[in-house]
Trainee: 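Please read through the structure below; I'll follow up with questions.
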Amino acid sequence: MAANLVSPIPAPPTPAIHTAALDPTTAQSPEAITAELNSTRLLDPRGQVRKELMQRATAALDIHKDRVSKRDRMYLVDFTKFSGEERLYEVDLEGGQITLMRTSHGRGSDPTHTGYPTLFGNTPDSHMSSVGAFATAGASWGAQQGPNVLLDGLEYSNDRARERAIIIHGADYADPAFLAREGKLGRSYGCFSVGHADLPRLRDRMGEGRLLFAWA
């Protein structure tokens, strides 16, 4: 499924909320950028992203500022949502646009294949999805999965991502045809598998030093 680009719609006017556009010249530090983003509600004006997920992700931009150097966009995964739903978000930190995609979770996180992950881990061969902050580490190519995006886990909950080969890659079981046939996506070995149509754009735009934040 090709990415579904959702243009931002201005939030309803509320006297208590400042809605002026970001002025990059007035927010020089990562902390200032995050504070401005939070205070102005420039991100996700339609409320498509769960509030807790957005808050944790914007906080992670500051916490991991040494590893997350790119502040133009970030990527979020909401593991509370069903696998057949669009739960991978590209958030434009400059323009406020949200792009929605689908992504699989690990089979160890959903042993009975309900479509909802309930278990998360960081142990090799557990085939579980990991939560927390990741830094994108650039486009790569693997013998098994082909084109992919490498990830570095930044927290105790995911710091073995490289050892476990947790990456972003395309998979047949994440394609629309599989979803239409099975009613849910297939499960990965812990990777953030996406539809083949979405991978090229992600691989090109994620690059290095951007935040991927997954939570449940």
Trainee: If only side-chain N and O atoms count, and only distance matters, is there a donor-acceptor pair under 3.5 Å linking His105 with Arg87?
Mentor: yes
Trainee: With rounding to the nearest 0.5 angstrom, report the CZ to NZ distance, Arg102 to Lys81.
Mentor: 9.5 Å
Trainee: Is the backbone N or O of Leu88 less than 3.5 Å from a side-chain atom of Asp78, with the two atoms forming a donor-acceptor pair by type?
Mentor: no
Trainee: Kindly compute the distance separating CZ (Arg56) from CG (Leu61), expressed to the nearest 0.5 Å.
Mentor: 14.5 Å
Trainee: I'd like to know if the side chain of Arg73 and the backbone of Arg205 have a donor-acceptor N/O pair within less than 3.5 Å.
Mentor: yes
Trainee: Nearest 0.5 Å please: distance from the OG1 atom of Thr114 over to the CZ atom of Arg187.
Mentor: 9.0 Å
Trainee: If you measure only the distance, is there a donor-acceptor pair under 3.5 Å linking the side chains of Ser130 and Arg160?
Mentor: no
Trainee: Taking Asp110 for the side chain and Gly106 for the main chain, is one N or O donor matched with an acceptor at less than 3.5 Å?
Mentor: no
Trainee: Do Tyr116 and Phe82 make the cut of ring centroids closer than 6.0 angstrom?
Mentor: yes
Trainee: Any side-chain donor paired with an acceptor under 3.5 Å for Gln144 and His169?
Mentor: no
Trainee: Output the distance between atom CE (Met206) and atom CZ (Arg201), rounded to the nearest 0.5 Å.
Mentor: 10.5 Å
Trainee: Just by distance, do the side chain of Ser140 and the backbone of Leu150 share a donor-acceptor pair under 3.5 Å?
Mentor: no
Trainee: Answer yes or no: is there a donor N or O on one side and an acceptor on the other, between the side chain of Ser104 and the main chain of Gly186, under 3.5 Å?
Mentor: yes
Trainee: Keeping Asp92 on the side-chain end and Gly95 on the backbone end, is there a donor-acceptor pair under 3.5 Å?
Mentor: yes
Trainee: Between Phe79 and Phe120, is the ring pair (Phe, Tyr, Trp, His ring centres under 6.0 Å) condition met? List the steps.
Mentor: CA-CA 10 Å; Phe79 278 137; Phe120 301 92; 5.6 Å; yes
Trainee: Kindly give the heavy-atom pair with the smallest separation between Trp215 and Leu53, and that separation in Å.
Mentor: CB-CD1, 3.7 Å
Trainee: Has the side chain of Ser188 got a donor or acceptor atom that lies under 3.5 Å from a matching backbone atom of Gly190?
Mentor: yes
Trainee: For the pair Glu52 and Arg50, find out whether any cationic side-chain nitrogen is under 4.0 Å from an anionic carboxylate oxygen.
Mentor: yes
Trainee: Hey, does Asn122 have a side-chain heavy atom less than 4.5 Å from the side chain of Met128?
Mentor: no
Trainee: If hydrophobic clusters are built from ILVMFWY residues whose side chains come within less than 4.5 Å, do Leu179 and Phe192 share one?
Mentor: no
